[in-house]
Amino acid sequence: MSLRHHSLQVLDVTGKLGGRFATARGDLFDLSGGALAQSLVSLPPLGDDALTAVMPSGGFESLSQREYESAVLARTFPDGGALWASSGSDAMEAALWALETFRREHEDRAPARHWVRRGGYHGNTYLMRALSTRNGAQKVAGVSVEVIDEHDPDVHYVPFEGPVRSLEATRLMATLQAALTTGRLRAFDILVLESLPTTGYVFQYGAQALGRLLHWCRANSILTILDEVAAGGYRHGRFSVLEALSEAMAAGSQDIALPDATVLAKGLTSGAFPLSAALVSEHIAAAIRRRPSKPISFTHGLTEPAARVALSVFHRQSGRVRDNAAERGVVLHDAFERLGELARHKPGSIGVMSSPTTIRLDIPAARANDLYAAMLRNGLWCYIGRTTFPVRQGAAQRAFVHICPPFDLEQQSVELALATFVRSARETLS
Ligand SMILES: Cc1ncc(COP(=O)(O)O)c(C=O)c1O
């Protein structure tokens, strides 16, 4: 199995045990493994390989995957070809279809106009490619997309630094408000947001700020989809951000609403099965039921074995997250503080943010390979995503380092791995 997120360095991985990848250069602690791969040991049997080394889609390539691709291609396109398969992207498309069904009851102007955040990623299928702006906007004929810039492209890129649990979605809100005033944003347009973005300028809004944004959209008949493909299933300490929104509503917040749809994927099965789900609110579901043709139904999505794996992961992750939340919080907060010191020494260059389970370090892309190499030397691995932001003089190339330690390891080993990460970051970034 190869780790190929970092195009320059391919790592061959022979297995995974206790949160560590086994590689020819020694064990590597998977600092990004939380909610994705650490709990597979207790899943119903899937086969030895899958039990030790399953990870979600893109970054991993295994012998079994390659073997399957060539076996299937041999029966279909024997001269070569390629096999693509996706899961989160498909559910995002299903959610868009559901909203479109509702939209058409009220407004049959076509096509829908989609609003997305600059730097977001929503998948790699035909439509999702148009909505993903991580590597700049990709135009797809017939799909209308408006990109919202939360950093000001007229000023130098300034990475965020500091705790952001209650950060207001100020710039996002101001952009939408201005667009509504000028008539650019119209009723029944569709706004697509990640609940807790893995990419993009702002990592996390407070649930209240997100809820208020959704409330404002509801009041103005703007349809909303939360993409929780990467963030959901406990990646940030909750199954879904909708839980936080519902709690705030139950506590009496009047100006908070749920989205029209939310989409979950990777964390549903801890990365083991390519299962995804589009969840739509009751008024959207009712519009689907009102269609004269049969309501939506898929024949091979949530199969019985998939449901069992998903249920098993759901209960196990819920327990893990609850059981050591306080202890994990302290350990993560300590690393966050120390990375904050590094960021304050490099104002304008390094940013650091956190959620209850994850720290995101925002660094110049040019420094990412050095940091990654130092991590490998120090026995660590993590996921690093890259995003390009336009600025007045060209583009800011940023790398986002995602630290989400496994939930089911002893806190001592997590503490040590985080301390080693902070040291690697100091070595290469200060
Ligand atoms: C936020 C987000 N949305 C959608 C997707 C697409 O998921 P998939 O690759 O399973 O189709 C991803 C995948 O990384 C993602 O991170």
Side-chain angles (χ1 to χ4, degrees), residues 3-6 32-37 54-62 65 82-97 114-135 138 140 145 147-148 190-205 210 224-236 238-242 259 261-279 298 301-302 306 309-310 313 355 357-358 360 382-387 399-402 404:
L3 287 176
R4 57 178 168 81
H5 267 312
H6 306 280
S32 300
L36 292 176
V54 167
M55 282 293 283
S57 58
F60 288 75
E61 197 173 78
S62 73
Q65 286 168 357
L83 177 153
W84 276 295
S86 66
S87 111
S89 317
D90 301 30
M92 284 297 294
E93 303 244 358
L96 276 174
W97 175 85
H114 306 87
W115 293 74
V116 298
R117 297 167 73 240
R118 165 88 60 203
Y121 179 69
H122 301 293
N124 206 14
T125 48
Y126 186 66
L127 186 50
M128 286 309 124
R129 217 167 280 183
L131 303 189
S132 298
T133 54
R134 190 161 64 183
N135 302 314
Q138 305 174 62
V140 171
V145 178
V147 181
I148 302 166
I190 296 173
L191 173 67
V192 184
L193 298 172
E194 279 186 76
S195 55
L196 289 164
T198 42
T199 52
Y201 187 50
V202 180
F203 174 53
Q204 184 189 0
Y205 301 120
L210 182 64
T224 49
I225 298 184
L226 288 188
D227 174 350
E228 300 198 87
V229 168
Y234 295 106
R235 186 71 167 77
H236 292 291
R238 281 185 188 274
F239 182 68
S240 158
V241 77
L242 269 63
T262 193
V263 176
L264 291 152
K266 302 171 197 289
L268 287 182
T269 63
S270 200
F273 274 15
L275 181 67
S276 57
L279 298 139
F298 298 104
L302 188 63
V309 173
V313 169
S355 76
T357 54
T358 299
R360 186 180 84 157
C382 78
Y383 169 69
I384 303 180
R386 289 164 201 255
T387 299
F400 294 109
V401 183
H402 289 268
C404 179

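Sequence positions, counted from 1, serve as the residue numbers for this chain. Just so you know, ligand 1 is whichever comes first in the structure, and atom 1 is the first atom listed for that ligand. These figures come from a predicted structure and were not determined experimentally. Quick note: numbers below take in every heavy atom, side chains included, and nothing from hydrogens, waters or symmetry partners.
With sequence neighbours excluded, the residues satisfying side chain to side chain contact (heavy atoms under 4.5 Å, CB included) with Ala95 are Ile225, Ala261, Val263, Ala278.
A donor-acceptor distance shorter than 3.5 angstrom exists from the side chain of Arg129 to the backbone of Asn124, with no hydrogens or angles considered.
Distances shorter than 4.0 angstrom occur between a heavy atom of Lys266 and an atom of ligand 1. Residue contacts with ligand 1: Glu194 is included, with a non-hydrogen atom under 4.0 Å away.
Between Asp227 and ligand 1, at least one pair of N/O atoms sits closer than 3.5 Å.
For the residues Gly88, Ala231, Ala85, the heavy atom positioned nearest atom 10 (O) of ligand 1 is part of Gly88.
Among all heavy-atom pairs drawn from Ser195 and Leu210, the shortest one is O-CD2, 4.2 Å. The two residues Ala306 and Leu275 come nearest to each other via the heavy atoms O-CD2, 4.1 Å. Shortest non-hydrogen contact noted between Phe239 and Leu268 is CZ-CD2, 3.9 Å.
When each atom of ligand 1 is checked for a heavy atom of Ser89 under 4.0 Å away, the hits are 6 (C), 7 (O), 8 (P), 11 (O).
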